Q: 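Pasting a structure here, questions to come.
Note that this is a predicted model, so its numbers are computed, not measured.
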Amino acid sequence: MDTADSTVKETAPTGSGGNRAPLYTSKMIFALILPLIGEQFLNILVGMADTVMVSGVGEQAVSAVSLVDSLNILLITLFAALATGGAVITSQYIGKGDREAAGESAKQLTWFSVIFSSCIAALAIIFNAPLLRLIFGKVEPAVMANEHTYFYITAASFPFLALYNADAALFRSVNKTRITLIISFLVNLMNIGGNALLIYGFKMGVAGAAFSTLAARAMGAVVSYVLLLHAKEQIHMVHPFRYKPDFGLLKKILHIGIPTGLESSLFQVGKLMLASLVSTFGTPSISGNAIGNSMASLSNIPGSAIGLGLVTIVGQCMGARQPDQAEKYTDRLLLMTFILMNLLDLALYIFAPQLAALYGLSDQSRDIAVWIMRSFTIAAIVFWPPAFTVPNVLRAAGDVRFTMTVAIGSMFIFRLGMAYFLAYTTDLGVKSCWIGMYTDWIVRAVLYFTRYKRGKWKKIRLV
């Protein structure tokens with residue numbers, strides 16, 4: 001699980017942080033993190049609104065969008081992993097003071113992301129029907145018909161989404177999170193407006209939701225790339241429209257991106273297997289699971305946002321050869337994560353019935369959603385931050401093989417193993433999937449936090 005290879009080498013930490021002024025002041029940290037929290041909240045809130053708007057078409061539409069999105073997320077995580085790799089390398093070059101290399105790594109990231117995602121989109125469109133039949137073959141015919149439509153259209157948005165993810169990660173690497181917040185606001189506003197027009201105005205159902213997503217992602221990609229080209233004082237891409245692969249830089253990016261992508265994609269494969277299991281419990285369970293999952297994700301907003309911010313902070317500290325500063329900022333931000341998530345979890349637990357009622361589903365679906373939200377908040381209060389925020393610190397330092405191994409092993413042994421065991425030996429139904437997930441969290445939390453405190457990640461050098 002060690003990360004020493006031809007790209008990464010381990011050396012003794014140079015500097016404890018005491019011989020150099022702090023790289024981040026409290027004001028700088030809040031300026032970085034607060035827009036990220038706003039952006040994550042906006043994305044979740046609009047995602048919930050999206051589901052509410054689709055629910056007006058019927059439970060079959062909600063189920064179709066939920067199931068296809070579980071497949072889409074599997075593919076989208078590959079683009080996010082590439083963006084993470086590029087952001088880590090760019091952040092470390094910025095911390096090192098090598099502006100030219102930072103600009104070139106940004107160029108390599110954006111071009112490679114578009115090329116790779118275009119190939120994925122083509123495969124998704126070509127193999128639409130057999131792929132959906134393989135994974136969700138037991139769903140009702142009406143649900144499957146909606147799945148085909150939604151998957152065809154949203155797959156076409158992959159290149160735009162990959163470019164936007166890359167651009168957003170690069171803006172975060174130079175502490176420009178307010179820009180990504182503004183772009184995210186515009187993208188989500190366009191998505192909601194498009195849903196209202198196409199779903200309710202033109203009565204296009206799930207096709208309307210999919211076309212709205214496509215248009216919003218295209219707009220976000222264009223706007224973010226144009227702004228990135230004008231951010232020359234932070235990231236200067238020389239001849240941005242002339243691309244020649246730099247295999248040295250791509251190797252560094254992919255050193256982070258490939259393990260992260262394998263980790264994320266296999267994690268999503270596991271979630272997809274669980275979604276397939278959920279689909280066997282009937283439409284009320286599918287709908288209740290979709291709503292509960294959407295609402296429960298509110299709890300993760302602080303941890304997700306702070307995790308993204310830590311990629312930048314730890315990356316720049318490691319590039320500047322200040323690993324002890326990276327640890328100091330991580331401890332501070334991890335405490336903030338616990339405090340904020342506890343406040344959100346308490347509110348979500350109390351108001352779970354009222355939130356579930358917003359979707360207007362059957363009593364059975366609503367009861368399932370409430371159970372999911374309340375059990376989720378209890379587990380998240382303790383285990384989510386060390387299980388999902390801490391590994392971002394390890395990735396930003398280059399300790400990606402360990403995080404990948406733990407994530408994949410815990411997913412398949414504990415999350416899937418427990419879920420399938422309970423599903424086939426008890427009458428818990430969809431609840432078995434969530435109990436398996438909580439078991440997975442506990443294992444991750446223990447292993448990641450132990451690795452972090454031992455400090456081996458502080459000795460890794462990427463650039």
Side-chain angles (χ1 to χ4, degrees), residues 24 29-30 32-45 47-48 73 77 80-81 83-84 87-88 165 168-169 172 177 180-181 184 260 263-264 267-268 271 292-315 326-327 329-349 372-397 399 403 406-407 410-411 415 434 437-453 457:
Y24 281 86
I29 291 175
F30 279 105
L32 174 69
I33 297 298
L34 289 180
L36 287 174
I37 292 177
E39 182 181 349
Q40 295 295 307
F41 180 77
L42 180 64
N43 290 339
I44 296 297
L45 189 64
M48 291 163 50
I73 290 171
T77 53
T84 298
V88 168
N165 281 346
R172 288 193 291 269
T177 52
T180 62
L181 173 61
S184 179
T260 303
E263 173 189 336
S264 300
F267 178 72
Q268 293 302 327
K271 292 182 70 174
N293 196 35
S294 175
M295 298 299 300
S297 58
L298 282 170
S299 165
N300 300 343
I301 290 173
S304 298
I306 291 172
L308 289 173
L310 280 169
V311 171
T312 297
I313 293 171
V314 173
E327 184 175 25
Y329 296 133
T330 297
D331 289 343
R332 185 187 305 176
L333 288 170
L334 192 58
L335 176 61
M336 183 188 299
T337 302
F338 273 109
I339 293 171
L340 293 177
M341 285 191 65
N342 273 257
L343 292 174
L344 274 176
D345 285 329
L346 178 61
L348 185 60
Y349 185 93
I372 289 171
M373 283 187 272
R374 284 186 161 167
S375 65
F376 184 97
T377 57
I378 293 171
I381 284 174
V382 178
F383 299 111
W384 201 96
F388 293 97
T389 302
V390 169
N392 271 6
V393 176
L394 303 179
R395 293 186 194 103
D399 197 4
T403 60
V406 169
S410 184
M411 159 61 76
R415 183 178 298 209
W434 290 83
M437 184 178 75
Y438 304 145
T439 306
D440 172 41
W441 287 8
I442 295 171
V443 174
R444 289 170 185 258
V446 171
L447 294 178
Y448 286 144
F449 193 72
T450 300
R451 180 77 164 191
Y452 168 70
K453 295 309 290 183
W457 57 276

Q: Give me the atom names and distance for the closest heavy-atom approach of Thr337 to Gly303.
A: CG2-CA, 3.6 Å

Q: How far apart are the closest heavy atoms of Ala83 and Ala169, and which atoms are they?
A: O-CB, 3.6 Å

Q: Between Val311 and Arg395, is a side chain to side chain contact (heavy atoms under 4.5 Å, CB included) present by the stated rule, with each step listed?
A: CA-CA 8 Å; Val311 171; Arg395 293 186 194 103; 6.0 Å; no

Q: Begin with the C-alpha distance, continue with both residues' side-chain angles, and end with the deciding distance and a verdict on side chain to side chain contact (heavy atoms under 4.5 Å, CB included) for Leu334 and Phe449.
A: CA-CA 11 Å; Leu334 192 58; Phe449 193 72; 3.9 Å; yes

Q: Considering non-hydrogen atoms only, spot the tightest contact between Glu39 and Thr180 and give its length.
A: OE1-OG1, 2.9 Å

Q: Looking only at heavy atoms, what is the nearest atom pair of Trp457 and Val314, with distance?
A: CZ3-CG1, 4.4 Å

Q: Sub-3.5 Å donor-acceptor pair from the side chain of Thr389 to the main-chain atoms of Pro386, do we have one?
A: no

Q: Could you tell me the separation between the OG1 atom of Thr77 and the CD atom of Glu263, rounded to the nearest 0.5 Å?
A: 10.0 Å

Q: Check this for me: does any side-chain nitrogen of one of Arg444 and Asp440 sit under 4.0 Å from a carboxylate oxygen of the other?
A: yes

Q: For Phe376 and Trp434, take the angle between the two ring planes, folded into 0 to 90°, and tell me which bin it lands in: parallel under 30, tilted 30 to 60, perpendicular over 60.
A: perpendicular

Q: Considering only heavy atoms from C-beta outward, does the side chain of Arg415 approach that of Thr439 to under 4.5 Å?
A: no

Q: Hey, mind stepping through Arg332 and Ile29 against side chain to side chain contact (heavy atoms under 4.5 Å, CB included) and telling me if it holds?
A: CA-CA 10 Å; Arg332 185 187 305 176; Ile29 291 175; 3.7 Å; yes

Q: Are the aromatic ring centres of Tyr438 and Trp384 under 6.0 angstrom apart?
A: no

Q: Could you walk me through whether Ile313 and Leu333 pass the side chain to side chain contact (heavy atoms under 4.5 Å, CB included) check?
A: CA-CA 11 Å; Ile313 293 171; Leu333 288 170; 3.7 Å; yes

Q: Tell me if a side-chain donor or acceptor on Thr177 pairs with a main-chain N or O of Leu32 at a distance below 3.5 Å.
A: yes

Q: Let me confirm one number: the CD1-CD1 distance from Ile37 to Ile306, rounded to the nearest 0.5 Å.
A: 5.0 Å

Q: Mind checking the CD1-OH spacing from Ile33 to Tyr24? Nearest 0.5 Å is all I need.
A: 9.0 Å

Q: Has Tyr329 got a side-chain atom pairing as donor or acceptor with Leu310's backbone, closer than 3.5 angstrom?
A: no

Q: Does any part of the side chain of Asp331, heavy atoms only, come nearer than 4.5 Å to the side chain of Leu335, both counted from C-beta?
A: no

Q: Evaluate the side-chain proximity of Leu447 to Arg451: yes if any heavy-atom separation is below 4.5 Å, no if none is.
A: no

Q: Between OG of Ser264 and CD1 of Ile73, what distance do you get to the nearest 0.5 Å?
A: 11.5 Å

Q: Between Tyr452 and Asp399, does any side-chain donor sit less than 3.5 Å from a side-chain acceptor?
A: no

Q: Could you pull out the closest heavy-atom pair between Met341 and Ser299, with the gap in Å?
A: CE-O, 3.3 Å

Q: Would you call Lys453 and Tyr448 a side-chain contact if the rule is heavy atoms closer than 4.5 Å?
A: no

Q: Could you report the tightest heavy-atom contact between Leu344 and Pro302, atom names first, then the distance?
A: CD1-CD, 3.5 Å

Q: Hey, could you give me the CH2/OG distance between Trp441 and Ser410, rounded to the nearest 0.5 Å?
A: 12.0 Å

Q: Any chance you could measure Gln40, atom CD, to Leu308, atom CG, to the nearest 0.5 Å?
A: 5.5 Å

Q: Are any side-chain N or O atoms of Thr377 and backbone N or O atoms of Arg374, one a donor and one an acceptor, separated by less than 3.5 Å?
A: yes

Q: Does any non-hydrogen side-chain atom of Pro385 lie less than 4.5 Å from one of Val390?
A: no

